[in-house]
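Letters A, B, ... are given to chains in the order of the sequence lines, protein chains preceding strands, and every chain is numbered from 1.
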2 protein chains.
Amino acid sequence: MDQIDAKILSLLHENARMPISEMSRMIAMSQPAVTERLRKLEEQGIINAYRVQLSPQKLGMHTTAFVMFKTNSCPDFITFCEESPEIVELYRTSGEYNFLMKVLTETTASLANLLDKSNVFGFSSVLIVLSTAFEDKNLLKRDK
Amino acid sequence: MDQIDAKILSLLHENARMPISEMSRMIAMSQPAVTERLRKLEEQGIINAYRVQLSPQKLGMHTTAFVMFKTNSCPDFITFCEESPEIVELYRTSGEYNFLMKVLTETTASLANLLDKSNVFGFSSVLIVLSTAFEDKNLLKRDK
DNA sequence: GTTGAAAAAACAGAGGA
DNA sequence: TCCTCTGTTTTTTCAAC
């Protein structure tokens with residue numbers, strides 16, 4: 001991982017579908033050299049995946065929430081979360097609650113409906129997201 | 001947005017760098033037709049961006065945490081968060097706390113260091129992430 | 001790491017259901 | 001409107017260095 005690798009990853013952070021040829025022009029290096037660096041970054045596992053980022057709003061999901069959950073039936077609860085399309089992220093956490101999940105629903109009513117269904121597993125505390133300040137920070141933009 | 005668009009977005013969810021020609025083969029449709037559908041999905045804003053997903057662990061960030069924060073100096077606090085590379089996501093929320101942030105640090109000690117710096121803005125409650133059950137769910141996999 | 005040629009993919013226009 | 005077909009340009013791959 002040198003500065004050139006960091007530059008490649010920064011370009012991909014802005015647009016993961018950028019052609020390698022365009023990247024090679026921007027960093028003044030031959031195209032096969034960039035291809036080889038990319039291959040190594042993928043092989044090392046530094047690059048996990050290339051994802052498309054969709055707009056929840058445009059897909060009709062107008063409510064975002066984080067839900068903290070306390071449960072004793074962990075395996076069943078995890079299965080429930082995996083099978084609930086509204087639950088897009090799930091973390092085990094320390095603290096009074098042992099799970100945190102990110103939820104996308106059409107309305108606050110559909111969020112309430114999900115919470116009703118989850119109540120059999122334990123109890124929850126809900127943080128409604130009023131607005132997102134940022135969520136796409138480049139991991140490499142670190143002042144060292 | 002029909003079933004073909006959904007299929008295109010599902011393929012891009014798996015690999016955002018998949019060539020259009022490969023997608024067109026998988027959905028049995030001509031390459032220019034897929035190109036045009038992609039262009040419209042981008043134009044409509046359904047596709048927000050194409051991102052590369054990096055491994056925090058491979059980049060030396062071994063601690064993930066969610067921090068709830070209560071502050072009265074919102075603009076200054078947001079600026080502080082934007083300028084802190086460890087803070088990768090920031091949301092305004094309802095409830096006792098008015099912010100929630102996702103933090104990636106090298107160690108728990110560097111997390112403590114960040115919390116020390118943030119204390120001037122208010123007070124916080126920390127949820128350390130013990131493990132991630134999932135965080136890449138396809139938004140379109142909804143049983144309707 | 002570079003160059004250069006062959007293969008593949010993306011693009012842009014014409015025309016059809 | 002949405003698609004296919006086709007020719008041109010661009011990108012990728014792969015060889016040799």
Rounded to whole Å, CE of A:M29 lies from P of C:dT2 at a distance of 6 Å
Between [options], which nucleotide has the shortest distance from any of its atoms to the side chain of [X]?
{"X": "A:R25", "options": "D:dT6, D:dT13, D:dT11", "answer": "D:dT11"}
{"X": "B:K40", "options": "D:dT13, D:dT11, D:dC2", "answer": "D:dC2"}
{"X": "A:R37", "options": "D:dT12, C:dG1, D:dC3", "answer": "C:dG1"}
{"X": "A:T35", "options": "D:dT13, D:dC3, D:dT12", "answer": "D:dT13"}
{"X": "A:I20", "options": "C:dG1, C:dA9, D:dT12", "answer": "D:dT12"}
{"X": "A:P32", "options": "D:dC3, C:dG4, C:dA9", "answer": "C:dG4"}

In short, side chain to side chain donor-acceptor pair (under 3.5 Å) pairs touching residues 10-19 of chain A with sequence neighbours left out are A:S10-A:N138
Does [N] have OP1 or OP2 sitting under 4.0 Å from an N or O in the side chain of [X]?
{"X": "A:S21", "N": "D:dT12", "result": "yes"}
{"X": "B:R39", "N": "C:dC11", "result": "no"}
{"X": "B:S30", "N": "D:dC5", "result": "no"}

Sequence neighbours excluded, the answer for side chain to side chain contact (heavy atoms under 4.5 Å, CB included) partners of B:S30 is B:P32, B:A33
Given the options B:V34, B:I8, B:T35, B:S24 meets side-chain contact (heavy atoms from CB on, under 4.5 Å) only with B:V34
- Query: So, B:Y50 versus A:Y50, ring centres under 6.0 angstrom or not?
  - Reply: no
Q.
With a 6.0 Å cut-off on the ring centroids, do A:F121 and A:F69 count as close?
A. no
Answer with base, sugar-phosphate or nothing: what part of the nucleic acid does A:Q31 contact at a heavy-atom distance below 4.0 Å? base
Double-helix bend of the helix from C:dG1-D:dC17 to C:dA17-D:dT1, axes at both ends from 5 pairs, round to 10°, gives 40°
- Close side-chain approach of A:Y91 to A:K102, heavy-atom, < 4.5 Å: no
